[in-house]
Amino acid sequence: KLLKKNPGTIHWYLTEFVFPSNTMHQVLKLSASGQALGGDMLFDRRIGFSGTPSSLLPLEMGKCGYERGADGLMMHYLTD
């Protein structure tokens with residue numbers, strides 16, 4: 001009863017028994033940035049890019065076109 005409330009014991013039990021048997025481990029992990037995913041790497045054509053308008057759009061999509069008044073409207077809804 002004493003050990004079941006000890007954080008060190010809980011951590012050891014989880015890392016030695018629970019996590020290895022209940023989580024799959026992959027030998028190879030894939031990762032990519034939004035720049036890479038929205039760029040020409042996967043698709044030749046794109047009709048849009050979801051997300052907050054910013055200058056972080058994939059370079060292939062060109063410059064971001066901001067809708068006039070959108071920032072003020074967003075601040076209105078956030079502070080209402």
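These figures come from a predicted structure and were not determined experimentally.
In the hydrophobic clustering of ILVMFWY residues, with side-chain heavy atoms under 4.5 Å counting as a link, Met75 and Leu73 come out apart.
Note: Thr15 OG1 to Ile10 CD1 = 11.5 Å, rounded to the nearest 0.5 Å. For the atom pair Trp12 CH2 and Asn6 CG, the distance stands at 12.0 Å (nearest 0.5 Å).
Enclosure of atom NE2 in His11 is not indicated, since only 12 or fewer non-hydrogen atoms of other residues, nucleotides or ligands lie within 6.0 angstrom.
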